[in-house]
2 protein chains.
Amino acid sequence: MQNDISPLFAHIRRFVALDPAEEQLLSDHFQCRTIPRKAFLLKQGEICHNYCFVLKGCLRMYLNTDKGVEQITHFGIENWWIADYMSLMQSSPSDFNIQAVEESEIACIDSQTLESVFVRIPKLERYFRIVTQRAYGASLMRIKYIYTFSGEERFRHFERSFPEFIQRVPQYMLASYLGFTPEFLSKIRSKKEAR
Amino acid sequence: MQNDISPLFAHIRRFVALDPAEEQLLSDHFQCRTIPRKAFLLKQGEICHNYCFVLKGCLRMYLNTDKGVEQITHFGIENWWIADYMSLMQSSPSDFNIQAVEESEIACIDSQTLESVFVRIPKLERYFRIVTQRAYGASLMRIKYIYTFSGEERFRHFERSFPEFIQRVPQYMLASYLGFTPEFLSKIRSKKEAR
DNA sequence: CGCGACGTTGATTTGCCTCAACGATTGTGG
DNA sequence: CCACAATCGTTGAGGCAAATCAACGTCGCG
């Protein structure tokens with residue numbers, strides 16, 4: 001059975017209006033997939049061809065540092081787009097891996113196809129502009145937090161902002177995303193309990 | 001005398017074709033300004049209304065941390081856009097300051113006006129989508145470098161990537177942008193000379 | 001000339017990492 | 001359904017990269 005693509009339409013409708021014919025066209029061009037836990041959507045060295053919208057589940061984007069550590073740069077949960085935009089735009093091999101943290105359902109479209117859809121539905125370009133702009137804004141905030149907060153402060157802030165997320169992913173992934181070690185996260189948490 | 005807006009047209013043409021009537025429309029709606037050294041385009045607490053394209057010169061975007069330190073998040077030089085997209089999209093007070101490092105010439109358009117221009121020139125939306133996507137990609141690379149490189153490695157990498165930039169801005173600004181103290185940058189440099 | 005802005009250098013401190021050992025929990029094959 | 005391994009989190013000791021603080025040199029400019 002085909003996954004339900006409607007969350008994507010709902011998301012698009014938050015920014016631009018779609019008529020039924022356009023929804024049909026999109027349905028025809030998006031490919032829905034179910035990704036098992038720990039399966040990869042993209043592996044380091046491959047070229048990223050797809051824009052992926054997360055219908056359900058959770059994925060992570062990470063890279064392997066020279067020290068052999070996995071560094072998570074990004075999570076993708078429901079209603080987020082995930083892709084290596086650098087690789088996608090330049091058709092260059094990606095430095096990143098994209099892997100399912102939980103079993104996930106995604107709607108993908110490869111960049112060539114998307115270009116052809118833009119021609120037929122110009123306002124979709126508007127949707128992508130807005131969505132990208134929001135993602136860019138979030139990314140700048142992220143840089144702000146990295147530079148102005150200590151590790152502990154970053155965790156506290158994240159905890160306040162996304163409480164539901166804390167128990168959704170393993171702590172070592174959280175620690176990696178926040179830019180420190182699992183041991184350090186453990187120490188922060190034990191400090192809090194003692195209060 | 002009006003500043004020359006043509007670098008902006010040249011930049012737009014790298015991504016979409018403009019006919020003379022459209023260039024005229026843009027000329028009518030963009031406002032060119034000369035910003036003296038150290039003047040502000042945006043101050044913390046204000047709402048950012050404008051998308052600004054740097055025709056000439058250099059600006060910096062920074063915030064004041066609670067410890068009273070200026071943290072630079074971003075530089076804008078020729079052919080870059082600069083704005084607080086978060087503040088712009090949400091009409092919320094900005095956390096950032098945007099200030100001219102050198103005397104600079106910019107082409108601005110406020111977000112409302114830009115929306116009306118999008119209606120008349122839909123392909124401009126495409127241009128902004130692409131430009132934003134590139135900026136977002138660059139921002140993700142930045143996060144990658146922050147997390148995977150040491151301070152010294154970040155400096156070396158920056159030096160290799162943007163050699164001309166090194167003597168263009170004061171060292172304390174570079175240090176701030178790279179996420180460490182001016183003292184530390186000074187020590188890195190002295191190490192190199194000793195080679 | 002004298003002041004302020006910027007860069008340098010050294011001594012000391014600190015936030016977080018590394019490494020190692022050890023529980024708890026989960027999952028898997030016999 | 002149990003045994004054992006793998007995975008994940010915790011705790012502590014020791015170490016290091018970079019911050020902080022303070023003093024001083026230098027240049028450009030009113």
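Numbers restart at 1 for each chain; the letters A, B, ... are given by sequence-line order, proteins then strands. The structure displayed is predicted, hence computed values, not measured ones.
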query: Whole Å only: how far is the OH atom of Tyr172(A) from the P atom of dT25(C)?
result: 18 Å

- line: The nucleotide from dG9(D), dG7(C), dT20(D) with an atom nearest the side chain of Glu183(B) is dT20(D)

query: Any side-chain N or O of Ser190(A) under 4.0 Å from OP1/OP2 of dT10(D)?
result: no

- request: Have a look at Ile109(A) and tell me which of Val117(A), Leu8(A), Asn50(A) forms a side chain to side chain contact (heavy atoms under 4.5 Å, CB included) with it.
  value: Val117(A)

Comparing Val169(B) and Val69(A) on DNA chain C - which has the more 5′ nearest nucleotide: Val169(B)

task: Would you mind reading off the distance between Glu152(B) atom CD and dA18(D) atom C1', rounded to a whole angstrom?
output: 12 Å

task: Check whether any side-chain N or O of Ser186(A) sits under 4.0 Å from OP1 or OP2 of dG9(D), and answer yes or no.
output: no

message: Between C1' on dG9(D) and CD1 on Ile166(A), what's the gap in Å once rounded to a whole number?
response: 15 Å

message: Between P on dA17(D) and CZ on Phe155(B), what's the gap in Å once rounded to a whole number?
response: 18 Å

message: Looking at Arg14(A), is its backbone amide N or carbonyl O close enough to the side chain of Tyr127(A) to form a donor-acceptor pair, meaning the two atoms are under 3.5 Å apart?
response: no

- line: Whole-Å distance, Phe184(B) CZ to dT9(C) P, equals 15 Å

Glu115(B) and Arg129(A) ion-paired at < 4.0 Å: yes

task: Starting at atom CD1 of Ile188(A), determine the distance to atom P of dG9(D), rounded to an integer number of angstrom.
output: 14 Å

- prompt: Roughly how many Å is it from NZ in Lys191(B) to P in dG7(C), rounded to a whole number?
  reply: 19 Å

query: Which nucleotide in the set dA19(D), dC17(C), dT10(D) lies at the smallest distance from any side-chain heavy atom of Gln171(A)?
result: dT10(D)

message: Less than 3.5 Å apart, any donor N or O on the side chain of Ser87(A) or Ser94(A) sitting next to an acceptor on the other?
response: no

- request: Output yes when Arg154(B) and Glu159(B) qualify as a salt bridge under the 4.0 Å nitrogen-oxygen rule, no when they do not.
  value: no

- request: For Leu185(B) and dT9(C), give me the distance from atom CG to atom P, rounded to whole Å.
  value: 12 Å

message: Within the 4.0 Å heavy-atom criterion, would you say Pro170(A) contacts the bases, only the backbone, or no part of the nucleic acid?
response: sugar-phosphate

- prompt: Can you find a donor-acceptor pair, distance only, under 3.5 Å between Lys187(A) side chain and dG12(D) base?
  reply: yes

